[in-house]
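The structure under discussion appears below in the form of structure tokens.
Numbers restart at 1 for each chain; the letters A, B, ... are given by sequence-line order, proteins then strands.
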Amino acid sequence: MFRLSPKPFSIKPLRYDFLDSAAGAFATFEGWVRETNDGRAVVRLEYEAYPEMSVREGSRILDETRKGFDIIRCVCVHRTGTLELGDIAVWIGVCAAHRGPAFDACRHIIDEIKLLVPIWKKEYYADGDSGWVGLNGLSSGSC
Amino acid sequence: MFRLSPKPFSIKPLRYDFLDSAAGAFATFEGWVRETNDGRAVVRLEYEAYPEMSVREGSRILDETRKGFDIIRCVCVHRTGTLELGDIAVWIGVCAAHRGPAFDACRHIIDEIKLLVPIWKKEYYADGDSGWVGLNGLSSGSC
Amino acid sequence: MPDHTRKDGAKTVAVEYFAIFRERRGCSSETVTTHAATAAGLYAELAGSYAFPASRDHIRVAINQEFKAWDTVLANDDTVVFIPPVAGG
Amino acid sequence: MPDHTRKDGAKTVAVEYFAIFRERRGCSSETVTTHAATAAGLYAELAGSYAFPASRDHIRVAINQEFKAWDTVLANDDTVVFIPPVAGG
């Protein structure tokens, strides 16, 4: 299950999806809003998603992970909207019989999400400036 | 911080140890009691620790992990006593600026704990039998 | 499905804008009638009118919610989205 | 520290038992007076009295809470623990 959350979400209820008596290993990953990025002080940020395609790509990544790794279940929730320092941007959980595949799958999911899911991040800096992450080379060549 | 917990423990308070504005990645691992081990149906189990040495070895593993990986903090709690199916046997959390070291350190910690911390597991099986895990070869050669 | 291709060869596509494209275009979506044959052609057309990045180097295109090559031929009623570098996670 | 080594060369060590050793010994700890020079010697002595595994192949020894080699020489007042295969996590 991949889902977007426009509001902060609780992690505890997410755990119930993983209850399975065959599961011996549970690996999670959370991305948090850091105070600096590339050396600039960040005060808050905004995630904007192309919603339908994010869910479609995210779900495809989870499906393929379930097929490619010896795991039982995997879930991902990604925030959209305004986030403050320390807020959870993404939560990923994977349960499996054994720890190796749980770790591998969890890492694979976050790597793929960062590559393929159409979600963009705008950072607001302490100096009042702001900018879309990953567009350094672009802005100059345009307007 | 490495600690033994003779009773079930809550995860939520453990998270407060990780609040750090430089942390962008948070990886956790949990070991859960599985219904089968080596094909035998398990109904419950007991973890017994050599307490002083477990804390000593566990703390050493965490210290060395902090030195060897680019992480901010790491914590481990290990249960002792009687556990039922689905109970949390071990919880490990690692926060770091970036996800690579968070995953690597988390995996390193559980691998080292399984190798070096003097904690033993006795499984109670559905057929009424029981046994210490890892002692297959031993019992026959002894009494 | 009825063929909406117009007699003059123009097609009508929906373009949705996100992130930097939404900001520069000043809206979230529009219906565009275009003579461009491919996604690349449509991009060039729109980049001429609005302050889009001149180079497509780090930009991908999604047609009907799937990543596609820039030389994909546009069909009538396609939904086109330009995908700047993603930064989820 | 006073030297508790007895005139006859015997030493007194504390032995703590966990898991299968605790079960087979029937107690959690005891004070043992031994002539064994090394941890291996002490193990052999105790294994002769109680139903301990005959082979030390998968067993380690901790002296004063640290893993040690089996040929470590015992000192008076050492705390010795035999460590069967660990199974934490």
For this session: Give the minimum heavy-atom separation between C:P85 and A:W120, together with the two atoms involved.
Result: O-CD1, 3.1 Å
For this session: Can you tell which part of C:E66 gets under 4.5 Å to a heavy atom of chain A, answering side chain, backbone, both or neither?
Result: both
Problem set entry | Part of A:L115 lying under 4.5 Å from any heavy atom of chain C | backbone
For this session: Examine whether an atom of A:K114 lies under 4.5 Å from a heavy atom of chain C, and if so say whether it belongs to the side chain, the backbone or both; otherwise answer neither.
Result: both
For this session: Identify which part of C:F67 has an atom lying under 4.5 Å from any heavy atom of chain A, answering side chain, backbone, both or neither.
Result: both
Exercise. Hey, which residues of residues 1-10 of chain A are touching chain C, say heavy atoms under 4.5 Å apart?
Worked result: none
For this session: List the atom of A:P118, the atom of C:V86, and the distance in Å for their closest heavy-atom pair.
Result: CA-CG1, 3.7 Å
Exercise. How would you list, in number order, the residues of residues 50-69 of chain A that have a heavy atom less than 4.5 Å from chain C?
Worked result: A:Y50, A:P51, A:E52, A:M53, A:R56, A:E57
Exercise. Given that the side chain runs from C-beta out, which part of C:S28 has a heavy atom under 4.5 Å from chain A: side chain, backbone, both or neither?
Worked result: neither
Exercise. Do you know which two heavy atoms are closest between C:P84 and A:L135, and how far apart they sit?
Worked result: CB-CD2, 4.0 Å
For this session: Select, from C:E16, C:R22, C:R60, the one with the greatest count of heavy-atom pairs under 4.5 Å involving chain A.
Result: C:R22
